[in-house]
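Everything on this sheet refers to the single structure shown next.
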2 protein chains.
Amino acid sequence: MTEKYIFVTHSEENYLKVIYHLSSASPKGVNTNAIAAMMDTKASSVTDMIKKLAEKEMVLYQKYQGVSLTEQGLLAAKMIVRKHRLWEVFLVEKLDFSWDEVHDVAEELEHIKSEKLINKLDAFLNFPSEDPHGDPIPNQYGEIQKTDKQLLSEATVGKNYICVGVKDSSSAFLQYLNKQKIALGTPMKILEKETFDQTLLVEIEGEDKVLSHKIASNLYIN
Amino acid sequence: MTEKYIFVTHSEENYLKVIYHLSSASPKGVNTNAIAAMMDTKASSVTDMIKKLAEKEMVLYQKYQGVSLTEQGLLAAKMIVRKHRLWEVFLVEKLDFSWDEVHDVAEELEHIKSEKLINKLDAFLNFPSEDPHGDPIPNQYGEIQKTDKQLLSEATVGKNYICVGVKDSSSAFLQYLNKQKIALGTPMKILEKETFDQTLLVEIEGEDKVLSHKIASNLYIN
DNA sequence: TTTATTTTTTAGTCTAATCTAAAAATATTT
DNA sequence: AAATATTTTTAGATTAGACTAAAAAATAAA
């Protein structure tokens with residue numbers, strides 16, 4: 001394997017990460033506009049950046065056809081995700097942050113460039129497999145352990161589940177969950193599902209709670 | 001106290017830090033050239049940046065007269081130093097880095113912008129008063145505990161001392177100290193001082209060692 | 001106190017990353 | 001298939017931070 005080291009800027013890393021996240025939904029090429037929306041920037045800026053990333057062989061790009069990550073780009077993206085999630089674990093487990101406070105800080109920490117740092121941090125945290133939102137943490141080779149989980153919105157009425165993750169990890173949503181006393185590991189039983197709007201009646205910690213379809217389709221259970 | 005929040009860029013922070021470090025040596029105004037040398041950049045770039053920092057009221061600047069930090073600038077600089085040194089403690093104490101490996105990573109970590117993060121980190125590390133090189137860590141108000149220490153080059157022959165810090169914390173120097181088995185806390189007795197070149201003969205951990213004047217003038221003792 | 005030297009500043013250029021507005025390509029309707 | 005709408009790209013401008021080369025100010029030497 002010829003491993004020439006390619007410097008990737010802070011901004012380029014952010015693009016790689018976004019392309020990575022969007023890739024699962026559209027594996028044959030991510031749209032310029034989708035990237036622009038995620039990055040809160042303009043499509044023209046995205047086009048410019050994609051060209052740079054293509055130069056560096058981090059993405060495959062054909063005009064008007066969208067982008068996809070090269071093997072190299074994929075690994076780079078996974079390493080950013082790895083760093084982001086490991087820092088989140090650190091913030092929650094060691095510094096006592098709550099799960100709705102970690103995102104922005106991790107967003108900065110993920111760009112610190114030191115393999116040694118991140119691998120030592122990984123060991124210090126005891127090689128966690130998931131971040132505080134239930135998302136898997138890639139190992140140092142970019143391997144990701146698949147865990148099976150489903151959305152609460154797809155749950156079967158009458159069955160018992162455990163909350164294992166969130167799809168939306170915005171602080172607004174996480175604070176809502178805090179208020180409802182829903183956390184990772186929280187057991188719940190699906191009591192009823194309203195056919196009209198798919199609202200759920202769920203028993204959580206002895207209390208009956210109404211959860212909207214929007215909520216249910218952002219909570220992972222098992 | 002009117003505290004308008006002023007955004008300071010990564011690069012501006014580096015300038016503030018350098019001006020802060022140079023200020024102790026020349027309290028009435030730091031030279032453009034001195035800053036340029038420290039930052040490994042050109043004097044013209046320094047002039048440009050100083051103007052920006054003056055706009056933001058972080059420094060006092062008069063053409064051709066050098067710069068000094070305002071109260072605001074001083075606090076900002078101290079906060080960067082605080083972050084740098086706390087992260088160094090973290091790297092050494094928690095992640096098992098050695099004192100000659102921490103500088104570059106801390107140089108990146110010091111720019112992470114989160115007061116909460118740094119104060120939580122401080123608590124997690126048990127409010128250390130010094131970094132791994134014996135330099136004092138400013139508290140969250142910018143207060144610095146003065147410790148008295150002197151350079152080994154000024155030590156008295158015949159007396160016993162303890163190594164309490166390094167003036168130069170380059171990895172080259174620190175690795176030399178590792179090789180000589182000199183660390184913070186290492187006791188030493190000054191046996192002789194050569195009048196011609198000020199070389200010292202020092203007893204360290206039962207062994208007699210010859211230390212050049214250059215070495216001696218970069219080691220703090222007490 | 002002139003002259004020479006050094007330091008500092010200005011003027012103009014460059015690159016990365018962004019933007020707006022317009023043009024080109026693709027996709028969708030009719 | 002032609003017309004319309006949407007998406008994407010190009011062209012040209014802007015800003016931060018840096019650079020080179022030349023001018024201006026301050027300092028040192030004669």
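Numbers restart at 1 for each chain; the letters A, B, ... are given by sequence-line order, proteins then strands.
In this model, no donor atom of one side chain and acceptor atom of the other lie less than 3.5 Å apart for B:Glu194 and B:His213. Side-chain polar atoms of A:His103 and A:Glu88 form no donor-acceptor pair below 3.5 angstrom. At a cut-off of 3.5 Å, with distance as the only test, no side-chain donor of B:Asp131 or B:His84 sits close to an acceptor on the other residue.
A salt bridge links A:Lys17 with A:Glu110; the closest basic N to acidic carboxylate O contact falls under 4.0 Å.
For the pair B:Lys193 and B:Thr199, the minimum side-chain heavy-atom distance is 4.5 Å or more. Residues A:Trp99 and A:Val166 have side chains in contact (heavy-atom distance under 4.5 Å, counting atoms from C-beta outward). At a threshold of 4.5 Å between non-hydrogen side-chain atoms, the residues B:Val59 and B:Ser68 do not count as touching. Side chains of B:Phe173 and B:His133 form no contact here, defined as non-hydrogen atoms less than 4.5 Å apart.
Environment of CG in B:Asp197: crowded, with over 12 heavy atoms of neighbouring residues, nucleotides or ligands closer than 6.0 Å.
Summary of the strand contacts: A:Thr41 and A:Tyr64 both lie near DNA chain C, and taking for each the nucleotide with the nearest heavy atom, the more 5' one is attributed to A:Thr41.
Applying the side-chain contact (heavy atoms from CB on, under 4.5 Å) test between A:Tyr15 and each of A:Ile35, A:Thr9, A:Val8 identifies A:Ile35 as the sole match.
At C:dT7, none of the side-chain N or O atoms of B:Asn31 fall inside 4.0 Å of OP1 or OP2 (strictly under the cut-off).
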Short N/O separations, protein against nucleotides 10-16 of chain C, under 3.5 angstrom:
from: C:dT10; atom 1: OP1; to: B:Lys63; atom 2: NZ; distance (Å): 2.5
from: C:dT10; atom 1: OP2; to: B:Lys51; atom 2: NZ; distance (Å): 2.3

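For the segment residues 22-30 of chain A, the set of residues with a heavy atom within less than 4.0 Å of an atom of DNA chain D is empty.
Put simply, CD1 on B:Ile35 is 14 Å from P on C:dT7, counting in whole angstrom units.
Using a 4.0 Å heavy-atom criterion, one finds that B:Ser45 contacts the bases of the nucleic acid, with or without backbone contacts as well.
From the 5' end on, the contacts that DNA chain D makes with chain A at under 4.0 Å to a non-hydrogen atom open and close at D:dT7 to D:dT10.
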